Amino acid sequence: MIIRLYLKPVGKCRTMADSENHIRVRFAPSPTGHLHVGGARTALYNYLYARKTGGKFILRIEDTDAKRSTVESYKGIIESMEWLGLNWDEGPLRGGDFGPYTQSGRSVLYHNEAQKLIDGEKAYYCFCTPERLETMRFEMEEKKLPPKYDGRCEGLSEVEVAERLSKGVPHVVRFKMPHEGSVFFRDIVRGEFSFENGKLDDFVLIKSDGRPTYNFAVVVDDAHMKISHIIRGDDHLSNTPRQVHLYRTLGYNMPKFAHLPMILGSDHSRLSKRHGATSIAYYRNRHYLADGLLNYLALLGWSFDGKKELFTRKALIEKFSLKKISKNPAIFDNSKMEWINSEHLKEVSLAGKISLVQDVLDEEDLLPPEFDVDITKPVDLKIVPDREEIKETKSHNYKMSDKEIERLATIIIVLGNRLKLLKDVPAIIGYFYTDDYKVDEEAVRMHLLRSEIPSRMNKLADEYQKLRYFDRKSVEKVLRDLAFDLEIAAGELIHPCRVALTGKIVSPDIFWVVVLLGKDKSVERLRKAAKLYSVT
RNA sequence: GGCCCCUUAGUCUAGUGGUCAGGACGCAUGGUUCUCAGCCAUGAAUCAGGGGUUCAACUCCCCUAGGGGCUACCA
């Protein structure tokens, strides 16, 4: 026998209090729409990286576009972030040492920084009108030249500038881009980049409404908030050279960059409203599990070992690594997302499921139930979960009695993994709570519209009526005995019975359905079906 | 138009200068069963194309194509 001694590899030596402890990342959405899956994925990676490294996760709202920013979007983003459980350490509602965390509240800072650039002759005022810029751009395109600002206002004398300023001529502040040389930077997922300065133009720093542009505000804020790693969408890769210039000339410390591949719609185009489900709120309203969504989103652009795909939030934090981020854009695949969601739902405790399902029933007005059912006492399952546990999870509008909870618990157990998505709850168990359930015409045609069926249904109803103990075992025996007497296969009774009781062609175990519907309701529906379909 | 990025089955991905190119969703087939789901088993399906370099390329280089991004007083 060989005995091997495994020595735990000694982890990479990390000096305490080294740079690892200064990791600060941020998610910086602009409140111009809902939080969509792409943004959520970016937020997630930032969150994961912060949690993994013990760093700080900051939320900053980039509302520099006065026209497009709305408070509704702002609120929606916050709500979605909270629902996802992407808890930020600093930001709106939380505060922090580097606030305010909304750009509209930091204008003094931007102006001070812009002034420094102007004083150092690294930026200048520009009085060109939008009209002039447009014609200029048009002309340049005509000449097949890259459309860049021509630098006209750069040559303005101090006196001219002062004069126009005092007259209140609308103006912007532009960055003075060097014409020679190039910028270099390194990206954690893409590698090294070098970019010719000549390709860049004198972009605007401060708009004529006094607000900073995105490219200026991000840099100022990231630097002032001491952001160490900028993890953001790939769409900003081309902006990075401009920003690197700003870091350099303002004398800021350069952060590390990690540009994430984009998430695209099924037609390979940028994700937008027309792709339907793109907002986090959409999934929330449909009762998807936040952890399931997060798990799926994590996989869009990142993988652990190519094999393991199901992760709890904790596991995600543990396994996440910027180095394993892929370069290629990913397409959002709803069916896989739903699969992952169902896998997460499988892992939810019974008490948790009861609470979740109750929530959906509640919302669909299926509570309180239209009829009471007393399931025969010894139900062969003794699984009544702790009431306290259920209460803990959520506070519901309708308080279910112990009896009702017990029935719901049994329904959920009987459903088993047929319950994949919570949004389907009304469709798969609605008939347990209301008489107003949808009846599948096709199912009726297949199993009820035959002359011999009504009498069979009535006979079955009679037998059930007589039954003293309405438990699963007895209910099954009665049906099978009846089939035997009638000299037909049990299925000949089972299928019509299912349709009569549920209006559907598929359901959980039919005998459990009978029990959970209760004697009265089962007999009633059986008779009703017999009556309804007797005259053809 | 200019510049930048990306390219392994329908989709998300693993992967190495020599592999039967691995996993997952989805799809198909069979088994279990009262239906469905599940579970088990099986199967179809991939290195965008073309040139190099090399004994050998999916892997390295170049070109082409396709997709995406930036080129705004949007972010």
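Since the structure is predicted, the reported quantities are computational estimates derived from the model, not experimental observations. The figures that follow rest on heavy atoms only: side chains count, while hydrogens, waters and symmetry mates do not. Throughout, protein chains are lettered first and strands after them, A, B, ... in sequence-line order, and every chain is numbered starting at 1.
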(Q) Under 4.0 Å, counting only non-hydrogen atoms across every strand here, what does Phe332(A) touch: a base, just sugar-phosphate, or nothing? (A) nothing
**Prompt:** Charged N to carboxylate O below 4.0 Å: is that the case for Arg472(A) and Asp509(A)?
**Reply:** yes
* Asked: Would you call Asp235(A)-Arg270(A) a salt bridge at under 4.0 Å N-O?
  -> yes
Hydrogens and angles aside, do Ser104(A) and Thr102(A) bring a side-chain donor and acceptor to less than 3.5 Å of each other? no
Margin query: With rounding to the closest Å, how many angstrom separate the C1' atoms on C20(B) and G43(B)?
Written below: 16 Å
_Looking only at side-chain N and O atoms, does Gln243(A) offer a donor or acceptor that is under 3.5 Å from a partner on Asn215(A)?_
yes
NZ/Lys148(A): more than 12 non-hydrogen atoms of other groups inside 6.0 Å: yes
Atom NZ of residue position Lys521(A) - does it have more than 12 heavy atoms of other residues, nucleotides or ligands inside 6.0 Å? yes
- Please state the P separation for the pair C34(B) and U16(B) - nearest whole angstrom. 50 Å
Pick base, sugar-phosphate or nothing for Phe195(A), based on heavy-atom distances below 4.0 Å to the nucleic acid.
sugar-phosphate
A correct 5'-to-3' footprint of nucleotides 67-75 of chain B, with B, S and - meaning base, sugar-phosphate only and no protein heavy atom under 4.0 Å, is SSBSSSBBB
Quick tally for nucleotides 22-31 of chain B: nucleotides whose base has a protein heavy atom under 4.0 Å get B, sugar-phosphate-only ones S, the rest -, giving BBBSS-----
| said: Taking any heavy-atom pair under 4.0 Å as a contact, classify Gly301(A): base, sugar-phosphate, or nothing. | reply: sugar-phosphate
Each nucleotide N or O in nucleotides 33-35 of chain B that has a protein N or O under 3.5 Å away: list the pair and distance.
| unit_1 | atom_1 | unit_2 | atom_2 | d |
| --- | --- | --- | --- | --- |
| C34(B) | O2' | His495(A) | NE2 | 3.1 |
| C34(B) | O2 | Arg498(A) | NH1 | 3.4 |
| C34(B) | O2 | Arg498(A) | NH2 | 2.6 |
| C34(B) | N3 | Ile510(A) | N | 3.4 |
| C34(B) | N4 | Asp509(A) | OD2 | 2.1 |
| U35(B) | O2' | Ile505(A) | O | 3.4 |
| U35(B) | O2 | Ser507(A) | N | 2.9 |
| U35(B) | O2 | Ser507(A) | O | 3.1 |
| U35(B) | N3 | Arg498(A) | NH2 | 3.2 |
| U35(B) | N3 | Ser507(A) | O | 2.6 |

Short N-O contact, Asp150(A) and Arg132(A), less than 4.0 angstrom
yes
Are the charged groups of Lys319(A) and Asp305(A) less than 4.0 angstrom apart, N to O?
no
I'd like to know if Glu72(A) pairs up with Lys75(A) as an ion pair, taking the criterion as any Lys NZ or Arg NE/NH1/NH2 lying under 4.0 Å from an Asp or Glu carboxylate oxygen. no
Rounded to whole Å, CZ of Phe185(A) lies from P of C4(B) at a distance of 12 Å
| message | Taking only side-chain N and O atoms of Asn417(A), does any of them lie within less than 4.0 angstrom of OP1 or OP2 on C36(B)? | response | no
